[in-house]
Participant: 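Mind looking over this structure? Questions follow.
Residue numbers begin at 1 in each chain, while the letters A, B, ... track the order of the sequences.
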Amino acid sequence: FIERIAEDNSKNYQLWHHRRWVAEKLGPDVAGRELEFTRRVLSLDAKHYHAWSHRQWTLRALGGWEDELDYCHELLEADVFNNSAWNQRYYVITQSPLLGGLEAMRESEVSYTIKAILTNPANESSWRYLKALYKDDKESWISDPSVSSVCLNVLSRTDCFHGFALSTLLDLLCDGLRPTNEHKDSVRALANEEPETNLANLVCTILGRVDPVRANYWAWRKSKITVAAI
Amino acid sequence: MPVVTRLIRLKCVGLRLDRSGLNRRICHGGHGESTRRRVMEELSSLTVSQREQFLVENDVFGIYNYFDASDVSTQKYMMEIQRDKQLDYLMKGLRQLGPQFSSLDANRPWLCYWILHSIALLGETVDDELESNAIDFLGRCQGSEGGYGGGPGQLPHLATTYAAVNALVTLGGDKALSSINRWCILFSLWSVSFIKSLVMFPLEYLHVTHSSFREKMSCFLRRMKDTSGGFRMHDMGEMDVRACYTAISVASILNIMDDELTQGLGDYILSCQTYEGGIGGEPGSEAHGGYTYCGLAAMILINEVDRLNLDSLMNWAVHRQGVEMGFQGRTNKLVDGCYTFWQAAPCVLLQRLYSTNDHDVHGSSHISEGTNEEHHAHDEDDLEDSDDDDDSDEDNDEDSVNGHRIHHTSTYINRRMQLVFDSLGLQRYVLLCSKIPDGGFRDKPRKPRDFYHTCYCLSGLSVAQHAWLKDEDTPPLTRDIMGGYSNLLEPVQLLHNIVMDQYNEAIEFFFKAA
């Protein structure tokens with residue numbers, strides 16, 4: 001019954017809420033059916049907000065976590081820019097009772113994400129996900145060589161967007177990363193004779209040029225850099 | 001003109017998703033058949049996200065290029081908000097809130113709000129008859145136990161309650177504001193047929209109905225409260241950040257906030273801030289513009305905003321503005337005119353929060369450096385304009401120390417803020433790509449107009465025009481307003497999206513009779 005209405009009115013809140021109410025009454029036996037239903041909706045619109053909420057609720061309330069990471073991978077293979085799939089990935093690694101939690105998953109996820117970044121350096125989703133893997137653990141974030149090196153790798157390329165590599169580097173510097181000569185050279189190579197000596201300031205200046213939509217934001221960031229970041 | 005041909009003729013289109021590949025080949029590849037074939041191949045090798053983004057950019061930059069190539073008078077026409085046409089569209093909509101809108105039957109309070117608020121943003125009012133009909137209709141949506149439903153006889157719902165209250169506040173005046181009182185208590189005592197014959201009550205009775213109404217609304221809001229700290233949309237309804245916001249917004253305006261309502265709410269909203277920095281509808285859900293606005297506004301209203309990670313929230317929000325200069329709702333999704341409000345409002349709210357904190361810590365002088373050209377030029381213009389203003393009692397001093405300009409406490413300059421987003425670019429998107437010259441606004445080119453988008457495009461436009469101002473007493477500068485001062489809209493109260501004057505009137509009304 002709900003599925004017939006769903007086809008025409010999939011953005012209807014009431015419909016999804018009713019579905020949740022019914023499934024809750026029926027219990028864990030229907031986990032598979034609910035996951036299958038959301039999979040079908042997502043095959044038509046891979047970013048459907050209600051479908052994703054319902055899928056997360058189903059996993060949480062009824063189970064079925066076993067294949068979820070694979071499902072995320074499947075969606076990302078088809079479209080690495082699917083931010084909903086990245087979001088779901090984060091949900092799985094942090095919430096699944098079958099996995100060890102964020103810290104346990106970090107190494108494999110970092111390597112997965114870096115691969116995605118290097119293939120599409122202009123994909124915001126993968127950069128944000130990378131940072132998320134170090135949530136609440138600044139020390140690991142600034143000291144993990146793979147984070148630093150993915151930035152340097154992208155910055156050394158001439159044919160791609162540098163904005164996310166630069167802003168990631170900026171965040172690292174503001175969180176206490178001590179820049180090496182490699183960092184400094186890498187950034188200076190992109191500079192246009194700007195007179196900054198403070199590396200974080202220089203990164204902001206370059207960002208203002210390379211990511212002009214956010215020129216105001218990068219100027220604001222520069223004004224917020226505290227002396228410690230030098 | 002086929003897509004491929006138009007693409008080849010465009011100057012380098014900033015393709016957000018892949019700066020290296022497709023657009024470079026379009027720019028440098030020449031116009032031959034082989035280029036055409038290569039471009040078509042490339043298009044089909046793109047992911048869904050890339051392809052959709054590419055097509056939207058094609059439409060948007062087509063409009064921008066047409067604008068840039070037009071003569072001055074055409075440009076002037078394209079930038080104009082077209083007030084008369086907008087009002088025609090809105091007034092017709094209000095009058096026809098009838099059979100045409102049956103699919104939105106549960107949403108007629110929303111339509112009232114979207115249309116009335118749009119009219120108010122344009123600085124206009126509705127005639128007495130229309131106003132009376134609206135008040136009457138909304139009154140009939142009010143439930144006997146408090147709250148407003150989607151239509152007469154429907155169960156009360158937080159979203160429609162929010163819309164009804166906002167619509168009545170926007171209408172303003174004693175009749176609209178006290179109508180909330182009147183209907184509520186009487187509905188529970190008298191039958192439907194009596195209601196139509198009611199007249200205004202003397203002031204003392206108003207006081208009684210007023211406090212009884214607030215009790216009923218209070219009861220309704222408390223019934224929607226969940227043990228987790230959040231709110232449900234209706235009895236046994238869905239719970240999400242939107243429900244939290246609508247409840248708190250109503251409670252705040254009507255002066256019925258209490259500890260029971262705010263208990264645990266901050267915890268719930270906090271749990272909805274995602275790893276990206278934005279806020280999702282429920283814990284775990286993807287960061288989304290609409291929910292980000294709701295979450296941030298609610299946290300500010302309950303005075304717990306500092307519990308959020310404001311740095312990452314700001315970072316996420318400013319990244320939602322794309323090459324089209326409009327805002328998208330989520331990372332790697334498409335631009336949409338309605339996010340002009342949902343995303344720009346948080347940007348401005350955050351700007352103000354940070355600037356308040358700075359002011360306390362660092363005092364009131366503003367150090368200007370030549371950071372990037374745009375920013376620098378804007379500062380220099382500030383100086384020129386402030387010389388012309390004579391609203392300042394203090395001196396406009398400008399000293400030069402160590403190569404930096406230090407502006408001493410100047411009433412004008414200190415009332416302006418450093419923006420974190422591109423306001424003029426945003427206004428350009430709304431006026432050239434969302435606005436329909438015949439009236440109304442839309443999501444993006446090729447989409448039809450509707451009242452929801454009209455409301456939020458206009459609201460967002462107002463936010464963008466007033467973004468530089470720290471307080472409501474400072475007027476915007478002419479160059480803050482894309483299309484000139486004739487496009488200026490009324491300022492809104494950012495936490496409720498109600499025109500400031502009407503908001504102030506409502507606060508006076510509901511807080512005075514406390």
Participant: What part of A/Lys224 gets within 4.5 angstrom of chain B, counting heavy atoms only: side chain, backbone, both, or neither?
Facilitator: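 Contact with chain B involves the side chain of A/Lys224 alone.
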
Participant: Is the number of heavy atoms from other residues, nucleotides or ligands under 6.0 Å of A/Glu74 CD greater than 12?
Facilitator: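 Check passes, neighbour count above 12.
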
Participant: Which heavy atom of B/Asp422 sits nearest to which heavy atom of A/Val213, and what is that distance?
Facilitator: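 Answer, listing the atom of B/Asp422 first, then A/Val213: CB-O, 3.8 Å.
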
Participant: Quick one: does any side-chain atom of A/Tyr49 pair with a main-chain N or O of B/Gly281 as donor and acceptor, under 3.5 Å?
Facilitator: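 The answer is yes, because a donor-acceptor pair under 3.5 Å joins these two groups.
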
Participant: Heavy-atom cut-off 4.5 Å, strictly under: side chain, backbone, both or neither for B/Met233 against chain A?
Facilitator: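 Interface part for B/Met233: neither.
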
Participant: Work out which heavy atom in A/Ser223 is nearest to a heavy atom in B/Gln418; give both atom names and the distance.
Facilitator: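 Nearest heavy atoms, A/Ser223 then B/Gln418: OG-OE1, 4.0 Å.
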
Participant: Return yes if some donor-acceptor pair links the side-chain N/O of A/Asp79 with the main-chain N/O of B/Leu46 below 3.5 Å, else return no.
Facilitator: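 It does not hold such a pair.
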
Participant: Looking at chain B, which one of A/Pro121, A/Ser53, A/Ser167 has the largest number of heavy-atom pairs inside 4.5 Å, strictly under?
Facilitator: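 Among the listed options, the one with the most contacts to chain B is A/Ser53.
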
Participant: Any side-chain heavy atom of A/Lys47 within less than 4.5 Å of one from B/Ser49?
Facilitator: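 Of all side-chain heavy-atom pairs linking B/Ser49 with A/Lys47, at least one is under 4.5 Å.
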
Participant: Atom CZ in A/Arg128, atom CG in B/Asn332: separation rounded to 0.5 Å?
Facilitator: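 Those atoms lie 10.0 Å apart.
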
Participant: When rounded to the nearest 0.5 angstrom, what distance separates CZ in A/Arg214 from NE2 in B/His319?
Facilitator: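 Atom-to-atom, A/Arg214:CZ and B/His319:NE2 are 4.5 Å apart.
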
Participant: Please list, chain by chain and in numerical order, all residues satisfying side-chain contact (heavy atoms from CB on, under 4.5 Å) with A/Glu109, sequence neighbours excluded.
Facilitator: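 For A/Glu109 the side-chain contact (heavy atoms from CB on, under 4.5 Å) partners, ignoring immediate neighbours, are A/Leu69, A/Arg89, A/Ile93, A/Met105, A/Tyr129, A/Leu133.
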
Participant: side-chain contact (heavy atoms from CB on, under 4.5 Å) with B/Pro156: which residues, sequence neighbours excluded?
Facilitator: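 Checked B/Pro156 against side-chain contact (heavy atoms from CB on, under 4.5 Å); matches are B/Phe220.
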
Participant: What is the minimum heavy-atom distance between B/Gly284 and A/Tyr91, and which atoms define it?
Facilitator: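 Smallest interatomic distance, heavy atoms only, reads CA-CD1, 3.9 Å.
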
Participant: Against chain B, label A/Trp86 side chain, backbone, both or neither, depending on which of its atoms sit under 4.5 Å from a heavy atom there.
Facilitator: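 Backbone plus side chain of A/Trp86, per the 4.5 Å heavy-atom cut-off to chain B.
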
Participant: So how far is it from A/His54 NE2 to B/Ser285 OG, rounded to the nearest 0.5 Å?
Facilitator: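 Output value for this atom pair is 12.5 Å.
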
Participant: Please determine, among A/Arg60, A/Gln88, A/Arg20, the option with the most heavy-atom pairs under 4.5 Å with chain B.
Facilitator: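 Between A/Arg60, A/Gln88, A/Arg20, the count favours A/Arg20.
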
Participant: CH2/A/Trp220 to CE/B/Met314 distance, rounded to the nearest 0.5 angstrom?
Facilitator: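 It is 3.5 Å, given to the nearest 0.5 Å.
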
Participant: For the candidates A/Trp52, A/Trp57, A/Tyr90, which exhibits the highest count of non-hydrogen atom pairs separated by less than 4.5 Å from chain B?
Facilitator: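 Top option by heavy-atom pairs under 4.5 Å: A/Tyr90.
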
Participant: Could you look at B/Asn315 and say if it's the side chain, the backbone, both or neither that has a heavy atom under 4.5 Å from chain A?
Facilitator: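 Both parts, backbone and side chain.
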
Participant: So how far is it from B/Glu276 CD to A/Glu124 CD, rounded to the nearest 0.5 Å?
Facilitator: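 With rounding to 0.5 Å, CD (B/Glu276) is 7.0 Å from CD (A/Glu124).
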
Participant: Side chain from CB out, backbone as N, CA, C, O: work out which of these in A/Arg209 comes under 4.5 Å of a heavy atom of chain B, or both, or neither.
Facilitator: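 Contact with chain B involves no heavy atom of A/Arg209 at all.
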
Participant: Which region of A/Arg221, side chain (C-beta onward) or backbone (N, CA, C, O), has a non-hydrogen atom less than 4.5 Å from a non-hydrogen atom of chain B, or is it both or neither?
Facilitator: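 Only the side chain of A/Arg221 comes within 4.5 Å of chain B.
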
Participant: Would you give the length of the straight line joining atom NZ of B/Lys333 to atom OG of A/Ser84, rounded to the nearest 0.5 angstrom?
Facilitator: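 With rounding to 0.5 Å, NZ (B/Lys333) is 6.5 Å from OG (A/Ser84).
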
Participant: Select one option (side chain, backbone, both, neither) describing which atoms of A/Thr94 are under 4.5 Å from chain B's heavy atoms.
Facilitator: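 For A/Thr94, there is no contact with chain B at all, as no heavy atom is under 4.5 Å.
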
Participant: Are B/Val48 and A/Phe81 side-chain neighbours, meaning at least one heavy-atom pair lies under 4.5 Å?
Facilitator: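 No - every pair of side-chain heavy atoms lies 4.5 Å or more apart.
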
